[in-house]
Amino acid sequence: MRHLNWDLLQLQRGAGDDGSHATRRDRSYALARMADALHEAGYRGLRAKGLRAKHVEALVRHWRAGRVSDATIMNRMAHLRWWAERVGKGNLVKPNADYGIRPRSHVSDGTKRRDLDSAKLARVKDLHVRMALRLQAAFGLRREEAIKFAPAREDRGDRIRIKGSTAKGGRPREIPVLTDGQRRLLDEARELAGGGALIPPGRNYAEQKKIYEDGTRQAGLHRNHGLRHAYALDRYKALTGWKAPAVGGPASSGLTGAQRRIDRAARLTVAAELGHSRREVSRTYLGA
């Protein structure tokens, strides 16, 4: 194994549970590819602590030459920043715009809402997958969060708690239980899962994920990330009293001062409940 690949592996091992399992997996893959690219670019003796601005620029050039999309480059830059921070060079990697990387647009070009089709849901044979889909719709959960949801531990009565180990970015969060329907659903989930997660005994997450993918495809339930959009849109309307811009509601620029304060608070709440740290991300779900 090359020195740089070894160093980066040691950095990850030393970081422990820094991020969700999926984040750590993606980071490991991205950093290994960066090490390979730098080796091919002629930086044969580089060690992790020797990261310099010229290496960052070399990676960006390499990605550009490979016609990698800006969105993918942005993801890789996040992992590169993690590397820089772990070796005490957090300010080394400049903002994406300085490298000519266009920022990801957070303005929705129309709703991506998907409501859970009860007829299609009934075609899903696996009861645990069916429950995971219902939780996605009711609480705006991501797929991994729903599959790994353990009602006995994470149902707190008036709220549910999503563990950092299952959440994107490793950020734990709480989502309120506001309706009788949500309460009944959680009680059903607890009865089904017992003391564990929504993964039947004898299966691991990877196996259950495959069953989820196959079952939803066969049932015609596609684009289930749209269930999060539906949750966000409904939650925003409940908090503000009006529809979000993405579904024909008033644009933020047209709101009065008092309405803007309500809008801002609602967006912060929706972003937090979806597991995002920035209010701006809410534009993806709600529009501007």
Side-chain angles (χ1 to χ4, degrees), residues 1-106 142 144-145 148 161-174 205 268 271-284:
M1 182 182 290
R2 301 187 189 107
H3 291 312
L4 181 55
N5 295 78
W6 174 256
D7 287 349
L8 292 173
L9 184 60
Q10 295 309 303
L11 285 179
Q12 293 169 74
R13 287 174 176 171
D17 295 335
D18 185 4
S20 68
H21 174 74
T23 298
R24 299 196 303 272
R25 179 197 61 212
D26 293 346
R27 180 191 299 141
S28 179
Y29 178 75
L31 292 177
R33 293 287 299 273
M34 289 180 208
D36 293 343
L38 288 168
H39 180 83
E40 293 170 6
Y43 299 106
R44 303 291 170 87
L46 181 62
R47 305 299 295 254
K49 291 183 178 179
L51 183 66
R52 299 286 186 272
K54 63 182 180 181
H55 302 130
V56 178
E57 293 165 0
L59 285 170
V60 174
R61 286 196 302 271
H62 172 75
W63 295 329
R64 289 294 190 202
R67 303 180 68 84
V68 178
S69 71
D70 278 8
T72 298
I73 292 178
M74 288 183 71
N75 289 334
R76 294 179 182 179
M77 292 295 283
H79 297 307
L80 183 53
R81 287 190 177 87
W82 181 91
W83 168 8
E85 290 170 359
R86 294 299 298 182
V87 296
K89 298 182 178 181
N91 295 325
L92 178 66
V93 184
K94 297 181 289 188
N96 289 332
D98 290 359
Y99 301 102
I101 303 167
R102 295 191 301 274
R104 188 185 281 115
S105 174
H106 290 303
R142 298 181 178 92
E144 181 176 352
E145 295 168 347
K148 292 182 176 179
R161 180 170 175 78
I162 305 302
K163 297 187 301 182
S165 60
T166 66
K168 185 176 181 180
R171 292 185 294 270
R173 69 186 190 279
E174 293 185 344
Y205 170 67
L268 283 169
E273 291 178 11
L274 291 178
H276 291 291
S277 60
R278 293 176 296 145
R279 177 171 60 92
E280 289 77 8
V281 177
S282 68
R283 297 183 185 180
T284 301

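These values consider heavy atoms only, across backbone and side chains, with no hydrogens, waters or symmetry-generated copies.
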Kindly give the heavy-atom pair with the smallest separation between [X] and [Y], and that separation in Å.
X	Y	answer
H276	R142	CE1-NH2, 3.8 Å
L92	A53	CD1-N, 3.5 Å
L38	A58	CD2-CB, 4.4 Å
R171	G275	NH2-O, 3.1 Å
R173	L274	NE-C, 3.5 Å
A32	N5	O-ND2, 3.8 Å

N91 CG: over 12 foreign heavy atoms closer than 6.0 Å: no
NZ (K89) with more than 12 external heavy atoms under 6.0 Å: yes
Within this structure, what is the [atom1]-[atom2] distance for the pair [X] and [Y], rounded to the nearest 0.5 Å?
X	Y	atom1	atom2	answer
T72	R67	OG1	CZ	13.5 Å
M74	N96	CE	CG	5.0 Å
K94	M77	NZ	CE	9.0 Å
L8	W83	CG	CH2	5.0 Å
L59	I73	CG	CD1	10.5 Å
L4	H55	CG	NE2	9.0 Å

Pair R33-Y29, side-chain donor/acceptor within less than 3.5 Å: yes
Between [Y] and [X], is there a side-chain heavy-atom distance shorter than 4.5 Å?
X	Y	value
R24	Q12	no
Y99	V93	yes
D36	R2	yes
I162	K148	no

